Amino acid sequence: MVLQPVVDGSKFLVDFGAIAESARARKASRISLQLPEGLRAFAKEVSEKVASVTGASIMIDSEPCFGACDIPTHLFALSDLVVQFGHTEMPSIGAIPKMHFANLFLDIDPLPVVEKAIPILDGKIGVVTTAQHIHRLEDVVSFLKARGLEVSTSRGDSRLGNYAQLLGCDYTSALWMEDSVDTFLYVGDGDFHPVGLTMLSDRKLVAANPSDMTVRSLDELRDRITKQRLSAIERAMHARTFGVILNSKPGQRRRAVADTLVSEISGTGRKATLIHTNLVSPDLISYYSFDAFVSTACPRIAIDDFHRYQKPLLTPVEAEIAIGLKPFSAFTFDQILAEQ
Ligand code: SF4
């Protein structure tokens, strides 16, 4: 694997050789690009680079792309190959012959911030990270072991393409080793990935960010989000009609969960209707007159965009609490797991 900056001067590295190889293997003359939001400003430069390594004509897809769950089936008739930047393959979806996942690796040394975190790590350490730092996982583990710490990593379920990798909807790589861990060390940027882990596990979590050299706990954020979720559940307890949202994105489509919710809600004397969509948004929610909504799509929509929704938008487990099928003590962070 030869990594190069995705555009000149960028700290994000990509394997353009692997993209060229994918294009060659498929004899691709038409390639579509899916870019994460942060790379869109450089779409021209990225498309020129992909054109130069593949010789193909390039089309930039302007639809938002949220993750490897977001398979752009609308592009398959228009392209010989679709290159999705910034995500790793989700094996549970199965082989998708026209897709190439071009992960973006962050070229920032994680070891200085890991060293800074060591004084507050207790007991046995479980290391978790994101796709952007996965190429340095072994270095982090060796570094901690060399300092006398007992360190584990785990694979998760088949939504996760790599050992120790977290998704914002899948924490199995952490939870599957929880019993043998006292502290989780999250190496990566931002709150998006680790906050779910603080809600799912009572183990200590230390978040070490190689980009800004911060080492912190997310307890305060966890408490704030928990409060928001409980308030959304309470508001939905008065609802008589529910829209149950089913997403068309292959990696977010939980038909069985949605069907179960419709029958559970109906079984309590309330009304429930399925809504099929490719994009869950405040516009969609305000358009319909249901009293409350349950999203079986990406759990982060209900959680991270809490303030954007006027009506209660719940995750499946939250809906079961709101309609009285589960107690408040059953509240937990929603995950999309491979078997769903
Ligand atoms: S379902 Fe949400 S959190 Fe999971 S991969 Fe897709 S966009 Fe990311």
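Heavy atoms only: backbone and side chains are in, while hydrogens, waters and symmetry mates are out. Remember, predicted model here, so these are calculated numbers, not experimental data. Counting starts at 1 for both ligands and their atoms, in listed order.
- Within the listing of ligand 1, atoms 3 (S) sit less than 4.0 angstrom from a heavy atom of G168.
- Atoms of ligand 1 lying under 4.0 Å from at least one heavy atom of F66, given by number and element, are 7 (S).
- The protein non-hydrogen atom at the shortest distance from atom 4 (Fe) of ligand 1 is C169 SG, 2.3 Å.
- Taking the six-membered ring where the residue is Trp, the centroids of F105 and H135 are separated by under 6.0 Å.
- Of the candidates G251, G67, C69, it is C69 that places a heavy atom closest to atom 6 (Fe) of ligand 1.
- Both tests do not hold together for K311 against F293: distance to the six-membered ring centre under 6.0 Å, angle to the ring axis within 45°.
- At a cut-off of 2.8 Å, C298 is counted among the residues with an N, O or S atom near atom 2 (Fe) of ligand 1.
- Looking at heavy atoms from C-beta onward, E234 lies in side-chain contact with F328 at the 4.5 angstrom threshold.
- Cation-pi geometry between R308 and F306 is not satisfied (NZ or CZ under 6.0 Å from the ring centre, within 45° of the ring normal).
- Remark: R270 fails to qualify as a cation-pi partner of F242 under the 6.0 Å distance and 45° angle criteria applied to the six-membered ring.
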